[in-house]
Each structure stands twice: as structure tokens, then as C-alpha cells.
Amino acid sequence: MRRRPGIGGLQNAAAARDQYRLLGENVAKLRTDLMKEQLSTFRSQLEDFARKHKNDIRKNPAFRSQFHEMCAKVGVDPLASNKGFWAELLGIGDFYYELGVQIVDICLSTRAHNGGLISLEELCKLLGQRRKGAREAVSEDDCLRAISKLKVLGSGFEVISVGKRKVVRSVPTELNKDHNEILELAQAQGFVTVDEVQRRLSWPSGRATDALETLLDEGLAMIDDGDKDGRRRYWFPCVSSISSYAGADTS
């Protein structure tokens, strides 16, 4: 028969629990203080690194991307404000602000051709053409960072994935799973037909037609009824080659 612990035993057990709790809190505080000290040291070292390599950060897109990754690891966002140490030292706040303005302008000027969807690759090419005389080269990573700051403008201006391709959306159009699958299918040739959608996606005719007509109504597709086989082609400039934007004014 097991004996129940007396009052003294319960008090001792409670005291032991309190000691373990205090010990755990002290260890946690020591770890937190140590982490804060390490982060402070890392930030200081990051500032020294930025001073030493500021020209490379400004001019080399790959170096700039690596620098942003280093900043993220220690909780520093050089783009958080146009004021302060980072903006004064590197000027990258102004760089991304200028980039954002140019991205908005390109998205607006090509909207009549692509309905407000443009591949990140095409956007970067058009941005490069516009910035030929600029000192800083621009990478896809730079575009993504600039676009992330455009979210304050409200709906639109975000990056979505269509298959393996990244597409920049500058309109509040919501794409569902069917629309995404059609856009992914269209990447091969730049267009699809109702028959092809039915065959490749195993959809009934009504589902394929409804999805394609919705994309057409949203301005994301253009139709071509002039082919010899008589089949209507739905073209998608947002997944076609850059020649789709040849008529757009991006100067």
C-alpha cells in the first residue's frame, strides 16, 4: 500500500518546482541577453561591412542581393525608411523608390496589351531598356524588393506564381485555380485553344470555355480567329515573348 506524502513533503516538492522554474527563467534570460548582444555585434559588423563595400552594394545586383540576405538574418531592413543610417550610407532607399515608380509606369503602359499581368522576366527586360543610362544594373531580386514596397498602394502590384514562372499583377483581378492552369498551359506557345484545354487538362467543353471567356473579359487574353484550321486561339501576352510589348510605350 502506497503512502501519501505529508504536508512537509508537498511543501518541499512545491519549493523544488519553484527553484526549477526560477532556474529556467534565469537560463532563458541569459540566452536572450546573449542573443541581443550577438545581434548588436552583428549589426555593428554589418554597418562596417556596408561602409567598406557600399560601391559594390550600389552597383552589383548579385552583391546587393547577398547584402539583403545578410541584413534579413540580423533583422535589419535597409528599405524600411528613406531616413537614417542606411539611406544616408547607401542611398538604396531612393534606388528602390525610383525603381518602384518605373515598375508602376511600365505596368500601366503595357496594361492594354496584357490586361495587367506581365511576367517578371519581361518586366525586368523592359526595365533594363529604360535604365540603359543608369549607373546601377537591376536584377530580378531588385524588382521583387521594389514590388514588395508597392503593396502600400492597395490591391494589385504583387507577384504570383504561374507554374514555374513569376508574374507581376498590377490589377485587382483574382485568378482561380482554373485560370492559373490555363496560363501555365499557354506558356508553351503563348496561346491555347478550347480543344487543347479540354484534352490536356481533361476538362469538359463548358469548363474550358467559361474559364477562357472569363480571362478574355478581364483583358488577360486576346483572340485570333484567322488560323487555317478555323480554331479560335486565345493568346496570353503575359506569358508570350517580349515582342508582345513591341507597341507599348516604355520610354
Side-chain angles (χ1 to χ4, degrees), residues 39 42-43 46-47 49-50 53-54 56-111 114-131 134-176 179-180 183-184 187 218 220 237-239 242 245 248 250:
L39 283 174
F42 288 152
R43 288 192 179 100
L46 192 61
E47 291 179 5
F49 178 87
H53 298 284
K54 63 180 180 181
D56 291 321
I57 293 170
R58 286 174 177 171
K59 297 178 181 179
N60 188 319
F63 199 92
R64 189 160 55 244
S65 176
Q66 292 174 353
F67 172 72
H68 278 296
E69 290 180 11
M70 291 169 57
C71 288
K73 289 178 181 178
V74 294
V76 172
D77 183 3
L79 306 182
S81 171
N82 259 0
K83 299 177 181 179
F85 170 80
W86 297 107
E88 292 174 5
L89 175 64
L90 302 174
I92 55 178
D94 292 334
F95 168 73
Y96 284 103
Y97 171 78
E98 177 187 356
L99 212 57
V101 171
Q102 292 170 341
I103 286 172
V104 170
D105 196 28
I106 290 173
C107 287
L108 291 177
S109 65
T110 59
R111 188 173 289 177
N114 55 37
L117 284 183
I118 181 172
S119 74
L120 180 63
E121 179 185 3
E122 302 291 351
L123 175 61
C124 287
K125 287 180 181 178
L126 292 171
L127 199 56
Q129 292 174 8
R130 171 170 293 200
R131 296 177 56 86
R135 292 180 302 171
E136 306 94 346
V138 174
S139 67
E140 288 192 1
D141 182 77
D142 289 325
C143 288
L144 289 172
R145 294 184 189 280
I147 292 167
S148 71
K149 301 303 174 184
L150 294 176
K151 289 183 178 179
V152 296
L153 298 178
S155 57
F157 289 105
E158 67 172 343
V159 180
I160 60 177
S161 294
V162 177
K164 296 181 179 179
R165 177 174 289 189
K166 286 185 172 64
V167 176
V168 180
R169 186 181 74 177
S170 60
V171 289
T173 302
E174 292 293 336
L175 300 178
N176 62 30
H179 301 149
N180 273 327
L183 288 171
E184 186 175 354
Q187 289 182 23
E218 292 290 344
L220 302 178
C238 60
V239 295
I242 198 167
Y245 309 103
T250 60

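Throughout, numbering of the chain's residues begins at 1 and tracks the sequence. Any value given below was found using the heavy atoms of this structure, including those in side chains, with hydrogens, waters and symmetry copies removed.
- Counting heavy atoms from C-beta outward, Cys107 and Ile118 have side chains that approach closer than 4.5 Å.
- Gln102 and Arg130 share no side-chain donor-acceptor pair at under 3.5 Å.
- Separating the CD atom in Glu140 from the OG atom in Ser65 is a distance of 11.0 Å, to the nearest 0.5 Å.
- The two atoms that bring Cys143 and Leu99 nearest to each other are N-CD2, 4.4 Å, heavy atoms only.
- Here NZ of Lys166 is found 5.5 Å from OG of Ser161. Values are rounded to the nearest 0.5 Å.
- Using modelled atom types, one side-chain atom of Gln187 and one backbone atom of Val162 make a donor-acceptor pair closer than 3.5 Å.
- The shortest distance between side-chain heavy atoms of Arg131 and Glu98 falls below 4.5 Å.
- Between the CG atom in Asp105 and the CG atom in Leu127 there is a gap of 10.5 Å [rounded to 0.5 Å].
- In this structure, Arg169 CZ and Leu175 CG are separated by 6.5 Å, a value rounded to the nearest 0.5 Å.
- Annotation: the span from Leu126 atom CG to Gln129 atom CD amounts to 5.5 Å, rounded to 0.5 Å.
- With Val168 as reference, Leu120 is the one residue of Leu120, Leu144, Ile106, Leu150 to meet the side-chain contact (heavy atoms from CB on, under 4.5 Å) rule.
- Between the side chain of Arg165 and the backbone N or O of Glu121 there is no donor-acceptor pair closer than 3.5 Å.
- A heavy-atom distance below 4.5 Å is not found between the side chains of Thr110 and Leu123.
- In this structure, the side chains of Cys124 and Val138 stay at 4.5 Å or more apart for every pair of heavy atoms.
- Residues Leu183 and Leu117 form a side-chain contact, since some pair of their non-hydrogen atoms from C-beta on lies under 4.5 Å apart.
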